[in-house]
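Comments concern the structure below.
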Amino acid sequence: MCGRYDLNESPQILALYFRLFAEPPTFRNADVRPTNTAPIIRLHEGQRLALPARWGLIPSWSKDDKIAQHTFNARAETVAEKPSFRAAFKRRRCIVPVSAFFEWRAIPGEKKKQKLRFASPEQHPLALAGLWEHWQRLETGECVETYTIITTTANDFMAPIHDRMPVILGQGDWDAWLDQATGNPLLLQSMLAPCPDDWLECVPA
DNA sequence: CCAGACGTTGTT
DNA sequence: GTCTGG
DNA sequence: CCAGACGTTGTT
DNA sequence: GTCTGG
């Protein structure tokens, strides 16, 4: 599961860490939520760029945007087959850059849940595996680009809090994940595993 | 053939 | 767009 | 994802 | 319970 995150990096850090072709505009949002617009990293005319998109994937064939309420995550186990995701899985993979993501823990006797922040112990950004899609609203012709974050089973670090977690890609996987020419479904699928336990630390938000 | 769905999470 | 159910 | 709303009428 | 807004 991954329904809330934080992106708070300078354009310089984003460009350096993700090896972007150009520095993106400044973007800071400590509480990115589904339906919000945030930058995603993908190839555009062969160049790796951070471009804005809306969180909640709308398939190109969708008649309206209601489905986006339920497509902000895609399950790694089924993403290759589901009608809403399979086209994007083949040709429109992206990295969702985050400084951290949030999960909640219910406290007995408390009304509100406790918010927990998961980030890199080395304080570098995290590369979440995502898909993006292009959609046109029939009534207006308005073009909308949207994305989803792929989830997988929790690793041991995450398991006490939740049974799902976002897929976090290691640097060695970035090129193949973003490349449209990567056609081997098994290779792609192999990247969608829970990350090692020591890639994350957790503090109350 | 047409009509209708197409999704995830957490919680009970 | 494409698959499933009727 | 969580938090918060969820309704109508008439009168000022 | 379920939808909407953020």
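In what follows, chains are A, B, ... by sequence order, proteins preceding strands, each numbered from 1.
For the pair M165(A) CE and dT9(B) P, the interatomic distance rounds to 13 Å; values are reported in whole Å. With rounding to whole Å, D65(A) atom CG is found 15 Å from dC6(B) atom C1'. Nucleotide dC1(D) holds its P atom 16 Å from the CD1 atom of I161(A), rounded to whole Å. Atom NE2 of H162(A) and atom C1' of dC1(D) are 9 Å apart (whole Å). In this entry the distance linking CZ of R54(A) with P of dG5(E) reads 13 Å, nearest Å. Atom-to-atom, NZ of K112(A) to P of dA3(D) comes out at 6 Å; the value is rounded to the nearest Å. As a whole-Å value, the separation of R33(A) CZ from dC2(D) C1' is 8 Å. In this structure, E81(A) places its CD atom 17 Å from C1' of dA5(B), rounding to the nearest Å.
Listed candidates were dC6(B), dC3(C), dT9(B). Nearest to the side chain of R86(A) is dC3(C). Checking dG4(D), dC1(D), dC6(B) against the side-chain heavy atoms of I67(A) singles out dC6(B) as nearest. Comparing atom distances between the N73(A) side chain and each of dA3(D), dT8(B), dC1(D) picks out dT8(B) as nearest. Listed candidates were dT9(B), dC1(D), dG1(C). Nearest to the side chain of R75(A) is dT9(B). Here dT8(B) is the nucleotide among dT2(C), dT4(E), dT8(B) with the atom lying nearest to any side-chain atom of K82(A).
Here D163(A) lies in heavy-atom contact (under 4.0 Å) with sugar-phosphate atoms only. Using a 4.0 Å heavy-atom criterion, one finds that F72(A) contacts the bases of the nucleic acid, with or without backbone contacts as well. Backbone-only engagement by T151(A) is indicated by non-hydrogen atom pairs under 4.0 Å involving sugar-phosphate atoms exclusively.
Classification of R91(A) and D179(A) as a salt-bridged pair fails, no side-chain N sitting under 4.0 Å from a carboxylate O. Salt bridge absent: E81(A) and R75(A) never bring a charged side-chain N and a carboxylate O closer than 4.0 Å. In summary, D6(A) and R28(A) do not engage in a salt bridge, as defined by a charged side-chain N under 4.0 Å from a carboxylate O.
The number of heavy atoms from other shown groups lying within 6.0 Å of CZ (F21(A)) does not exceed 12.
If you take atom C1' in dG10(B) and the same atom in dC2(D), they sit 11 Å apart, rounded to whole Å. Here, dT9(D) and dC6(B) have their P atoms 36 Å apart, quoted to the whole Å. Comparing dG4(B) with dT11(D), their P atoms are spaced 45 Å from each other, to the whole Å.
Base pairing of dT8(B) is not made with any nucleotide, judged by Watson-Crick or G-U wobble geometry with both donor-acceptor distances under 3.5 Å.
Residues I67(A), W135(A), V144(A) make up the rest of the hydrophobic cluster containing I58(A), defined by ILVMFWY side-chain heavy atoms closer than 4.5 Å, directly or through other members.
Aromatic stacking of W61(A) on dC6(B): satisfied, with centres closer than 5.5 Å and planes within an angle under 30 degrees.
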